[in-house]
Amino acid sequence: IGGFFIAVDTDKPEITETSVSEEKIRYVKEDGSLSFKGTVSDKWEVSSLSVNVENSKDSSKNKSNKITINEDGSWFYTFNAANFNNDVASYKLVFEVTDRAGKINQIIRNIKIDINAPSVDSFDINANTSNEKTIYSEKQFVRKNNSGVVIGYDVKLATSEDKAEYWYNQSQLPIKVVASDNESEISSVEWCTNYDVTNKTGSWSSLVKGETEWTGTVTCNQQGENTIYVKVVDAAGNETISSKGVMVDTEAPEGISEKL
């Protein structure tokens, strides 16, 4: 008479997740995705691995998917916002592993779909200023006509609306940006002067985050007209780009006519 082998299994299977590896909310933009990966193991044998995606607003939209376990125990799963119709809601992802004895173990990750782009609340150029209301003076700036010939000084103090009409006498321009986001947090604020609007490419450099603003120094390499672009990106990957035109002249004038 043959014998029977009976194993008593009192231990839960093990599961790890190493891509996100935290339970705080992670944000995903519209049509965006977030990938998870990890390993599962058991003293005897793992039976299955699944993920239950729970919609915080409507439980009828909950979904459950089986996850393939590789021979080495590794697994991979990608949350695609499009698969949930980009429904703006919070999602709890419950990764659940079961062994042959029916023991269960799970880990939880949290996602929220964010379709709102961040905003640029203010974008200031602070070159040559000790008083923000008195940025331009007769000695600091000159105006030019279309041919580039100096036609005289203009002692008007510029407002934020007409700064681009005036010429900076330096190519290194300190800037300050205040940005905000109603849904997630600001991830980065960057600047460039060579943004290609058609191809959406540029050589971006990071600004330094302070308590309420991001600051840095922009290099304007061209004599004459330059455009400074600022890109604000939130935690979901949504972005907003703002621009401001400036005129730069670091060369001495060839001649000055009568005062205007």
Side-chain angles (χ1 to χ4, degrees), residues 29 32 116-181 184-254 256:
K29 67 179 181 179
N116 298 312
S119 62
V120 178
D121 301 325
S122 65
F123 174 9
D124 297 315
I125 301 171
N126 300 313
N128 288 336
T129 176
S130 58
N131 182 333
E132 290 188 0
K133 294 182 179 179
T134 311
I135 296 177
Y136 302 99
S137 71
E138 180 179 7
K139 292 182 179 180
Q140 290 173 324
F141 298 94
V142 295
R143 295 192 61 180
K144 295 187 176 184
N145 62 16
N146 291 334
S147 65
V149 178
V150 177
I151 59 175
Y153 290 105
D154 189 334
V155 297
K156 174 185 175 183
L157 298 180
T159 65
S160 59
E161 286 75 21
D162 58 13
K163 285 182 182 179
E165 297 181 8
Y166 289 78
W167 293 71
Y168 291 94
N169 60 1
Q170 62 188 76
S171 60
Q172 303 291 312
L173 304 180
I175 66 170
K176 179 177 71 174
V177 176
V178 177
S180 60
D181 190 87
S184 58
E185 59 187 15
I186 301 298
S187 175
S188 65
V189 180
E190 302 171 301
W191 69 268
C192 80
T193 56
N194 64 346
Y195 181 63
D196 186 324
V197 177
T198 302
N199 296 317
K200 298 182 178 181
T201 58
S203 301
W204 296 99
S205 297
S206 298
L207 294 175
V208 178
K209 186 181 186 306
E211 290 186 7
T212 59
E213 73 282 331
W214 285 258
T215 58
T217 301
V218 172
T219 301
C220 294
N221 293 316
Q222 295 186 151
Q223 295 292 305
E225 184 177 359
N226 291 260
T227 302
I228 300 173
Y229 296 90
V230 167
K231 177 171 68 173
V232 179
V233 183
D234 67 16
N238 299 305
E239 64 181 46
T240 296
I241 294 178
S242 181
S243 64
K244 183 166 290 190
V246 297
M247 309 296 284
V248 172
D249 180 11
T250 61
E251 301 173 350
E254 296 178 1
I256 300 178

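Bear in mind the structure is a predicted one, so any value in this text is a computation, not a measurement.
Taking 4.5 Å as the limit, every side-chain heavy atom of D234 sits out of range of all side-chain heavy atoms of E185. Proximity of V178 to T212: side-chain heavy atoms (C-beta onward) are nowhere separated by under 4.5 Å. Side-chain contact between P118 and V233: absent, with no pair of heavy atoms (C-beta onward) separated by less than 4.5 Å. No side-chain heavy atom of E213 sits less than 4.5 Å from a side-chain heavy atom of V177. In this structure, I241 and Y195 have side chains that are in contact, with non-hydrogen atoms separated by less than 4.5 Å. A 4.5 Å side-chain heavy-atom check between F123 and I175 finds at least one atom pair inside the cut-off. Counting heavy atoms from C-beta on, the side chains of V230 and V189 come closer than 4.5 Å. Side-chain contact between N116 and N238: absent, with no pair of heavy atoms (C-beta onward) separated by less than 4.5 Å.
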Exercise. Begin from the C-alpha positions of V218 and Q172 and carry the test side-chain contact (heavy atoms from CB on, under 4.5 Å) through to its verdict.
Key: CA-CA 6 Å; V218 172; Q172 303 291 312; over 6 Å; no

Exercise. Verify side-chain contact (heavy atoms from CB on, under 4.5 Å) between K231 and W191, making sure each step is shown before the conclusion.
Key: CA-CA 6 Å; K231 177 171 68 173; W191 69 268; over 6 Å; no

Self-check item: Audit row: I125, Y168, side-chain contact (heavy atoms from CB on, under 4.5 Å) steps and yes/no
Solution: CA-CA 10 Å; I125 301 171; Y168 291 94; 3.5 Å; yes

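The shortest heavy-atom contact between L173 and C220 is CD1-SG, 3.8 Å. Contact between C192 and G202 at its shortest, heavy atoms only, is SG-CA, 4.3 Å. Annotation for Q222 and V248: closest pair O-CB, 3.8 Å, computed over non-hydrogen atoms. Closest non-hydrogen pair, D121 versus S180, comes out as OD2-OG, 2.9 Å. Summarising the geometry of V120 relative to S242, their closest heavy-atom pair is CG2-CB, 4.0 Å, with the distance given to 0.1 Å.
Partners of T227 under the side chain to side chain contact (heavy atoms under 4.5 Å, CB included) rule, at least two apart in sequence or in another chain, are Y229, S243.
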